Amino acid sequence: DAGVIQSPRHEVTEMGQEVTLRCKPISGHDYLFWYRQTMMRGLELLIYFNNNVPIDDSGMPEDRFSAKMPNASFSTLKIQPSEPRDSAVYFCASSFTSGRRQTQYFGPGTRLLVL
Amino acid sequence: QKEVEQDPGPLSVPEGAIVSLNCTYSNSAFQYFMWYRQYSRKGPELLMYTYSSGNKEDGRFTAQVDKSSKYISLFIRDSQPSDSATYLCAMSASTDKLIFGTGTRLQVFP
C-alpha cells in the first residue's frame with residue numbers, strides 16, 4: 001500500500017487566495033482526520049470523518065476553512081480566503097478501528113505558506 | 001490549561017544514554033495512550049500503544065502509564081543517533097479522536 005497520499009507537498013500563495021489541499025486515505029480505512037501543525041500550537045485536530053461523514057469539526061478555526069469527503073478515497077481541505085496566520089503544515093491521517101485499537105497513519109503533510 | 005502537557009525540549013543526549021520523555025494530562029477519561037515519532041519534514045508514525053495503565057515494552061522502548069497521577073512516560077534505552085526526532089504523546093477517551101502533546105525534540109549525538 002502507498003500509504004496516505006497528500007497533494008500538493010508545498011504550497012506558496014498570497015493572502016486572499018483560495019487554497020485546496022487534497023488527501024487520499026489508505027484503502028479500507030473508515031476514519032479520516034485533518035490536522036494542522038505549528039511550532040507554537042503543536043498538532044491540532046481540525047476535523048474528522050467516519051465513513052465519509054463529518055463527525056467533529058470543532059477544531060476548524062473559522063468559516064474560512066471547509067472540508068469535504070465526497071467518497072471513501074478522497075478528501076479536501078479548503079481555505080478561502082487564506083491569511084498569513086494559516087501558514088502551517090497540514091496533515092491528513094486515516095485509520096480503522098479493530099477492537100479497542102485504532103492506529104492513525106499520517107501522510108507526509110502539505111507545507112503551506114501564505115504571504 | 002491544555003488537556004495534554006509536554007515539555008518541548010530540546011533534549012540532547014550522548015549515544016547510549018537512557019532517555020525519558022514525559023507527558024501529563026488532565027482528563028481522567030483518557031484510557032488510550034500512544035507515542036508517535038516524527039522525523040524532520042515527515043508525518044508522525046505510531047511508536048507505542050498502551051490501553052489503560054501499566055507498562056509495555058518493545059525492544060529498546062518502554063511506555064509507562066500511571067493513571068492515578070495522570071502521567072505517561074516513554075523510555076528509550078541505548079539511544080542511537082537514528083532516534084533523533086520529535087516524540088509526541090497522544091491520548092484518547094475513545095477509539096477515534098486523539099489529543100496530542102506539542103512534542104519533545106530529541107537529539108542523540110555520537
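Sequence lines set the chain letters: A, B, ... in the order given, protein chains first and strands last, and positions in each chain run from 1. Note that this is a predicted model, so its numbers are computed, not measured. Below, all heavy atoms of this structure are taken into account, side chains as well, without hydrogens, waters or symmetry copies.
For Q38(B), the part lying near chain A is the side chain, with the backbone staying farther off; criterion is any non-hydrogen pair under 4.5 Å. Contacts of Q104(A) with chain B are made by both backbone and side-chain atoms, with heavy-atom separations under 4.5 Å. Both the backbone and the side chain of L43(A) come within less than 4.5 Å of a heavy atom in chain B. In this structure, the portion of Y35(A) lying under 4.5 Å from any heavy atom of chain B is its side chain and not its backbone. For a residue to count as touching a neighbouring chain, one of its non-hydrogen atoms must lie under 4.5 Å from one of that chain's; by this rule D56(A) touches chain B with the side chain only. Heavy atoms closer than 4.5 Å to chain A are found nowhere in I99(B), neither backbone nor side chain.
Note: the hydrophobic cluster containing V89(A) does not contain I79(A) (ILVMFWY, side chain heavy atoms under 4.5 Å, direct or indirect links).
Heavy-atom neighbours of K67(B) NZ from other residues, nucleotides or ligands within 6.0 Å: above the threshold of 12.
Using a 4.0 Å cut-off between a side-chain N of Lys or Arg and a carboxylate O of Asp or Glu, E83(A) and R64(A) qualify as a salt bridge. Salt bridge present: E44(A) and R41(A) bring a charged side-chain N and a carboxylate O closer than 4.0 Å.
Aromatic ring orientation, F33(A) versus Y31(A): parallel (interplanar angle below 30°, classes split at 30° and 60°).
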